[in-house]
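One structure is given here, and the rest of the page talks about it.
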Amino acid sequence: MTAPRLHPWPPRAGTPARVTPHVVHLLAPNAHMWTWEGTNTWLVGSDQTRRCAVVDPGTRDPAHHRAVMDAAAGRGWSIDTVLVTHGHVDHLDGADEIAAATGAPVRGRGTRPGEVPLRDGELIDLGDVRIEVVATPGHTDDSTAFHIPADACVLSGDTVLHRRSSAIEGSLSGFLRSAARLRALARTAVLLPGHGPAVEDAAGVLDRVVNLRRGQAEQVRACLDRGVTGEDAVLADLYPGLPSARMPAARMLVRSLLQHAESSKEGNPS
């Protein structure tokens, strides 16, 4: 089977494109400094059973919702379930609207009221295609990837992106374990991320990000060894003059790095 690609990039928002036999891509119209050209929305469906799942409905934009539902209807698919890779609004915000329009449940690993929980390793059976739920905490605690073995691809959310490292809001230790898990899957599957085009050199990208994060963890340990302690002091030491717009993400990263350093000190390294 030809490896899935998202080229040319970026596509026009709301224009569906089949990227594998069972996966259709639409770009949400929510471009921003944190979302790049927009959030990737996916339809995973079966031409045999005519059932599909919507993954990451994206923005609360009626035009995008219509584009998603029209893309499903145009292939004769009914929307059975709405899946979210994590609880950030740029991935989740359209979920309730599509669920209300279709009667499909919203499923994720978060704690939103009314959300039907996903279990790590669970198989979502759509007929001739199955979606395997893969817990990938790190970017957020509830981050989840969706492995589609029949199409040799993984919808990886924001755990790994194409051109730059994703933020770490959850556990760095968790992220390192998740990266190892995705790297193993990437031996036989292309990663389709939450933003940007397909990650075709997934092993190389994951190795780069893991090395970056391990290097940052060493920087924090060096700060602590020099007596620079506390979130604010370490943040100022590592990122002097950081623009205010990037401060929240840097603060979350430093918090995770400090927790990782404390865990390692207690004898629980990743």
Side-chain angles (χ1 to χ4, degrees), residues 4 6 9-10 23 25-42 44 54-59 64 82-95 106-112 115 118 120 131 133-148 153-183 185-186 189-202 204-210 212-213 216 245-246 248-253 255-257:
L6 296 179
W9 188 265
V23 178
H25 171 259
L26 297 94
L27 182 67
N30 60 344
H32 184 267
M33 66 177 291
W34 296 115
T35 62
W36 306 5
E37 298 90 357
T39 299
N40 290 330
T41 295
W42 311 96
V44 183
V54 177
V55 180
D56 284 353
T59 180
H64 187 58
V82 179
L83 304 174
V84 291
T85 58
H86 61 294
H88 282 166
V89 293
D90 59 305
H91 295 258
L92 177 68
D93 233 13
V106 178
R107 306 202 60 195
R109 290 184 57 252
T111 57
R112 295 176 68 248
E115 189 174 86
L118 291 167
D120 185 32
I131 303 172
V133 177
V134 182
T136 54
H139 172 64
T140 58
D141 288 336
D142 66 340
S143 285
T144 307
F146 298 104
H147 182 207
I148 306 166
C153 66
V154 178
L155 310 182
S156 57
D158 286 3
T159 301
V160 56
L161 301 174
H162 184 265
R163 295 191 301 270
R164 63 185 181 189
S165 305
S166 62
I168 302 294
E169 296 185 15
S171 159
L172 176 60
S173 302
F175 170 78
L176 295 174
R177 289 190 293 269
S178 297
R181 199 170 184 188
L182 287 173
R183 198 183 192 288
L185 287 174
V190 171
L191 303 187
L192 300 174
H195 305 280
V199 184
E200 295 174 33
D201 178 24
V205 170
L206 284 162
D207 287 349
R208 176 182 59 78
V209 175
V210 165
L212 170 67
R213 298 308 185 199
Q216 291 168 329
R246 298 195 174 275
R251 182 174 292 279
M252 286 184 289
L253 173 61
R255 187 173 301 148
S256 179
L257 291 166

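In what follows, residues are counted from 1 in the order of the sequence shown.
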Task: Gap separating the CG atom of Leu257 from the CE atom of Met252, nearest 0.5 angstrom - done: 12.5 Å
Open item on the list: Can a side-chain donor-acceptor contact be found between Thr41 and His25 if the only test is distance below 3.5 angstrom?
Closed with: no
Task: Reported OG-to-CG distance for the pair Ser156 and Leu161, which is rounded to 0.5 angstrom - done: 7.0 Å
Task: Least distance between heavy atoms, Gly87 atom then Leu92 atom - done: O-CD2, 3.8 Å
Task: Side-chain (Asp90) to main-chain (Gly38) donor-acceptor, under 3.5 angstrom - done: no
TODO: Measure the shortest side-chain to side-chain distance between Val134 and Val154 over non-hydrogen atoms and say whether it is less than 4.5 angstrom.
DONE: no
- [ ] Examine distances only and state if a side-chain atom of Ser178 and a backbone atom of Gly174 form a donor-acceptor pair shorter than 3.5 Å.
- [x] yes
TODO: Taking all non-hydrogen atoms of both residues into account, name the closest pair between Val199 and Val205 and its distance.
DONE: CG1-CG2, 3.8 Å
Task: Interatomic distance, Glu169 atom CD to Arg255 atom CZ [nearest 0.5 angstrom] - done: 10.0 Å
Open item on the list: If you apply the rule side chain to side chain contact (heavy atoms under 4.5 Å, CB included), what do you find for Thr85 with Ser143, and how did you get there?
Closed with: CA-CA 6 Å; Thr85 58; Ser143 285; over 6 Å; no
Task: From CD (Gln216) to CG (Leu253), nearest 0.5 Å - done: 5.0 Å
TODO: Apply the test side chain to side chain contact (heavy atoms under 4.5 Å, CB included) to residues Leu27 and Glu37: give CA-CA distance (whole Å), side-chain angles for both, the deciding distance (0.1 Å), then the verdict.
DONE: CA-CA 8 Å; Leu27 182 67; Glu37 298 90 357; 4.3 Å; yes
- [ ] For Val160 and Pro193, work out which heavy atoms get closest and say how close.
- [x] O-CB, 3.4 Å
Open item on the list: To check you understand the geometry: which heavy-atom pair defines the closest contact between Asp141 and Ser171, and what is its length?
Closed with: OD1-N, 3.7 Å
TODO: Taking all non-hydrogen atoms of both residues into account, name the closest pair between Thr144 and Val84 and its distance.
DONE: CB-O, 4.5 Å
Open item on the list: Counting C-beta onward and ignoring hydrogens, is there a side-chain heavy-atom pair between Pro29 and Thr59 closer than 4.5 Å?
Closed with: yes
Task: Test: Arg109 and Asp120 ion pair at under 4.0 Å - done: no
Task: Heavy-atom check, side chain of Asp207 versus side chain of Arg183, under 4.5 Å - done: yes
Task: Smallest separation among heavy atoms of Ala186 and Ala202, with atom names - done: CB-CB, 3.5 Å
Task: Minimum side-chain heavy-atom gap Val82-Pro57 below 4.5 Å - done: yes
Task: ring-ring contact (aromatic ring centres under 6.0 Å, His included) between His32 and His195, worked out - done: CA-CA 11 Å; His32 184 267; His195 305 280; over 10 Å; no
TODO: Could you tell me the separation between the NE2 atom of His147 and the CG atom of Leu182, rounded to the nearest 0.5 Å?
DONE: 10.0 Å
Task: Trace of the side chain to side chain contact (heavy atoms under 4.5 Å, CB included) decision for Trp42 with Val54 - done: CA-CA 6 Å; Trp42 311 96; Val54 177; over 6 Å; no
TODO: Indicate yes or no: at least one non-hydrogen side-chain atom of Leu155 is less than 4.5 angstrom from one of Val44.
DONE: yes
Task: Any Thr39 side-chain heavy atom under 4.5 Å of Asn30 side chain - done: yes
- [ ] Test side chain to side chain contact (heavy atoms under 4.5 Å, CB included) on Asp56 and Leu83 and set out the steps.
- [x] CA-CA 6 Å; Asp56 284 353; Leu83 304 174; over 6 Å; no
TODO: May I ask you to decide if the ring planes of His91 and His86 are parallel, tilted or perpendicular, using 30° and 60° as cut-offs?
DONE: tilted
Open item on the list: I need the Leu26 CG to His64 NE2 distance, nearest 0.5 Å.
Closed with: 6.0 Å
Open item on the list: Does any part of the side chain of Thr159, heavy atoms only, come nearer than 4.5 Å to the side chain of Phe175, both counted from C-beta?
Closed with: yes
TODO: Show your working on salt bridge (Lys or Arg N to Asp or Glu O under 4.0 Å) between Arg208 and Asp201 and close with a plain yes or no.
DONE: CA-CA 11 Å; Arg208 176 182 59 78; Asp201 178 24; over 6 Å; no
